[in-house]
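Everything below concerns the one structure shown next.
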Amino acid sequence: MSFTKVVIERETDSEEESSSGEENDQVDDYPSQEEEEDDNDQVVENEASTTTSRKPKTKHITISLKKVCKVCKRPGHEAGFKGATYIDCPMKPCFLCKMPGHTTISCPHRVTTEFGVIPAPRRGTHNSLEYVFARQLRPCISAIKPAVVIPDQVNCAVIRYHSRRVTCLEFHPTNNNFLLSGDKKGQLGVWDFKRVHEKTVYGNIHGCILNNLKFNPTNDGTVYGASSDGTISCTDLETGMSMGLINLNPNGWQGSSSWRMLYGLDINSQRGNLVAADNFGSLYMVDMRSNSTMGDPVLIHKKGSKVTGLHCHPHQPDLLLSCGNDHFARIWDMRKLEAGSSIYDLAHNRVVNSAYFSPQSGSKILTTSQDNRLRVWDSIFGNMDSPSREIVHSHDFNRHLTPFRAEWDPKDPSECLVVIGRYISENYNGAALHPIDFIDISTGQLVAAVMDPNITTISPVNKLHPHDDVLASGSSRSIFIWRPKEKFESELQGDEKMIILCGKGEKKRRQSDDESDDAIYRSKGKSLKTKKPSLKSSSHGRKRKC
DNA sequence: ACGGGATGTCGCC
DNA sequence: TGGCGACCCTCCCG
């Protein structure tokens with residue numbers, strides 16, 4: 001192991017070294033004497049003695065510019081990006097599966113097409129019913145699984161659409177080309193991605209993070225939003241006029257310990273209720289006919305902990321699913337909602353970012369937890385005491401990123417395909433890219449990892465279209481629409497894409513809210529004549545059918 | 001090109 | 001139980 005060595009000459013006259021502390025500063029407080037000896041003491045000592053004997057009046061400080069690990073500050077190894085490949089610190093547990101003894105590079109879960117699956121232990125699974133299921137039914141299920149087309153090419157995009165990072169996306173339920181987006185600032189974007197220049201951002205609805213958006217099932221011209229400003233809004237998409245349904249901070253800012261934020265949001269159309277939950281563990285219900293709150297808030301997660309998500313069962317109006325920072329996802333009967341009365345508590349090792357019933361039958365639950373695992377809980381064939389499957393996948397918590405949430409494909413009748421962005425990057429031809437992963441939860445296999453060489457940021461927010469083969473992804477402040485390559489080519493005649501670049505900076509955006517900053521580029525497969533993001537056709541995007 | 005800032009969660013005291 | 005500091009493969013801006 002050889003490190004660069006630099007010798008600094010310093011005039012000291014006859015004076016003794018004033019303080020060792022100063023010297024320590026120069027060598028960056030590290031390494032300590034003992035470890036210095038351990039590593040390459042010989043060189044250091046020789047250097048010091050020869051230099052001092054040659055020039056007695058000059059004190060030489062030998063600095064070994066040891067490449068110190070950026071993560072653990074120890075010498076002998078390096079961590080961080082080497083080109084487009086990230087080298088893990090060997091002192092830390094694997095960044096992917098969180099187990100000690102190896103790094104991400106050598107993690108057995110890294111190649112998720114082959115591994116990545118831990119079948120969770122299931123008690124009492126050796127009965128005859130289980131045997132019959134495994135022997136006779138399971139092969140049929142995989143055989144009838146329909147071919148799924150993966151949207152793998154960027155079709156159009158709005159670069160820097162929002163002035164802060166995107167936090168949620170929602171497709172319009174009936175108008176297939178409309179995408180709504182929320183951001184960290186509380187702004188609501190309405191974009192017609194078929195006529196890409198038709199986009200609006202409403203900035204006066206919420207004061208901070210727009211955490212969730214849900215359409216009104218009886219009037220799809222209005223959308224509800226839950227925000228960290230403590231309000232639930234109901235906004236008319238045409239006018240941008242908004243009405244508040246709940247305000248948990250009517251007295252304004254009284255300090256962070258009392259400020260309430262709303263995260264989870266869903267609509268129970270059969271019961272005519274809107275449910276929302278806050279960062280103190282409470283659930284609120286609103287009657288959508290009268291827009292009035294119903295009853296008192298109910299504590300559904302640990303007191304003082306954030307409820308990160310809510311989801312109503314697609315068929316059974318009495319079932320509600322919640323998840324939170326107390327490491328649990330819980331199933332509730334809405335007819336008797338009271339603290340501690342949950343039907344099931346689904347335990348996780350870390351914070352649960354999201355929990356969703358499967359979109360068609362509602363018989364499965366998909367959870368995303370910050371322990372880098374997706375879990376599937378099966379209410380028909382599984383035991384709700386433990387997940388029927390755990391899938392190791394990189395979607396860690398990072399305070400600067402919108403939390404990752406694995407989402408079902410609403411069009412997949414077999415309820416197997418889910419989409420989720422990936423945190424750790426992969427080296428694709430010298431670029432560190434963060435793919436959006438499509439995973440088959442019945443096998444744990446990675447079906448596709450889609451990426452574009454121009455999207456170098458992480459895409460934590462992803463939504464699959466309810467009817468079409470379209471994926472919307474939110475990456476930093478930009479929004480991308482992905483479509484399958486075949487469709488893309490037949491419908492758009494070649495590689496044509498529409499890319500909109502919004503204003504360069506926030507300052508500019510603030511000064512003029514008109515579209516003058518925007519530039520629209522049309523691309524026919526060739527690279528754009530601009531240094532701005534060009535979104536050239538990607539040769540990296542992989543597409544497979546499952 | 002580099003450095004600062006924003007700021008969730010968790011473990012420790 | 002509450003406050004504080006460490007964690008972190010971010011991302012944007014000056």
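Chain naming here is simple, since letters A, B, ... match the order of the sequence lines and numbering starts at 1 in each.
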Between A/S475 and A/T457, is the side-chain hydrogen bond (donor to acceptor under 3.5 Å, both in side chains) condition met? List the steps. CA-CA 6 Å; A/S475 191; A/T457 48; 2.7 Å; yes

Apply side-chain hydrogen bond (donor to acceptor under 3.5 Å, both in side chains) to A/D88 and A/T104, showing your working. CA-CA 6 Å; A/D88 269 9; A/T104 311; 2.2 Å; yes

For nucleotides 11-13 of chain B, which of its nitrogen or oxygen atoms have a protein nitrogen or oxygen under 3.5 Å away, and what is each distance?
none

Are there any protein N/O atoms within less than 3.5 Å of an N/O atom in nucleotides 9-11 of chain C, and if so, which ones and at what distance?
unit_1 : atom_1 : unit_2 : atom_2 : d
C/dC9  : O2     : A/S425 : N      : 3.3
C/dC9  : O2     : A/S425 : OG     : 2.9
C/dC11 : OP1    : A/I458 : N      : 2.6
C/dC11 : O3'    : A/S476 : OG     : 3.3

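- We find that CZ of A/F397 is positioned 10 Å from C1' of C/dC7, with the value rounded to whole Å.
- Residue contacts shown for A/K184 are limited to sugar-phosphate atoms, with no base heavy atom under 4.0 Å away.
- In summary, the aromatic rings of A/H348 and A/W377 are positioned with their centroids under 6.0 Å apart.
- Using a cut-off of 4.0 Å between Lys/Arg side-chain N and Asp/Glu carboxylate O, A/K463 and A/E170 are scored as salt-bridged.
- Computed from coordinates, the A/K98 NZ to C/dC8 P distance equals 8 Å when rounded to whole Å.
- Minimum heavy-atom separation, A/L210 to A/T167: O-OG1, 2.6 Å.
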Intermediate values then yes/no, ring-ring contact (aromatic ring centres under 6.0 Å, His included), A/F95 and A/Y423: CA-CA 10 Å; A/F95 193 73; A/Y423 188 2; 5.5 Å; yes

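- Following rounding to the nearest Å, A/M91 (CE) and C/dC7 (C1') show an atom-to-atom distance of 18 Å.
- Distance A/D396 CG to C/dC7 C1': 11 Å, rounded to the nearest Å.
- For the P atoms, the distance linking B/dC12 with C/dC8 amounts to 15 Å, nearest Å.
- Distance A/N349 CG to B/dT9 P: 17 Å, rounded to the nearest Å.
- Rounded to whole Å, the distance from CG on A/D183 to C1' on B/dA6 is 15 Å.
- For the residue pair A/H206 / A/S233, a side-chain donor-acceptor distance below 3.5 Å is found, with atom types taken as modelled.
- Within a 6.0 Å radius of NZ in A/K302, other residues, nucleotides and ligands contribute 12 heavy atoms or fewer.
- One finds a side-chain N or O of A/K306 lying less than 4.0 angstrom from the OP1 or OP2 phosphate oxygen of B/dT9.
- In this structure, the CG atom of A/D326 is 16 Å from the C1' atom of B/dG8, given to the nearest Å.
- Screening residues 245-255 of chain A for side-chain hydrogen bond (donor to acceptor under 3.5 Å, both in side chains), with sequence neighbours left out, gives no hits.
- Protein atom CD1 of A/I455 is 13 Å distant from nucleotide atom P of C/dC12, rounded to whole Å.
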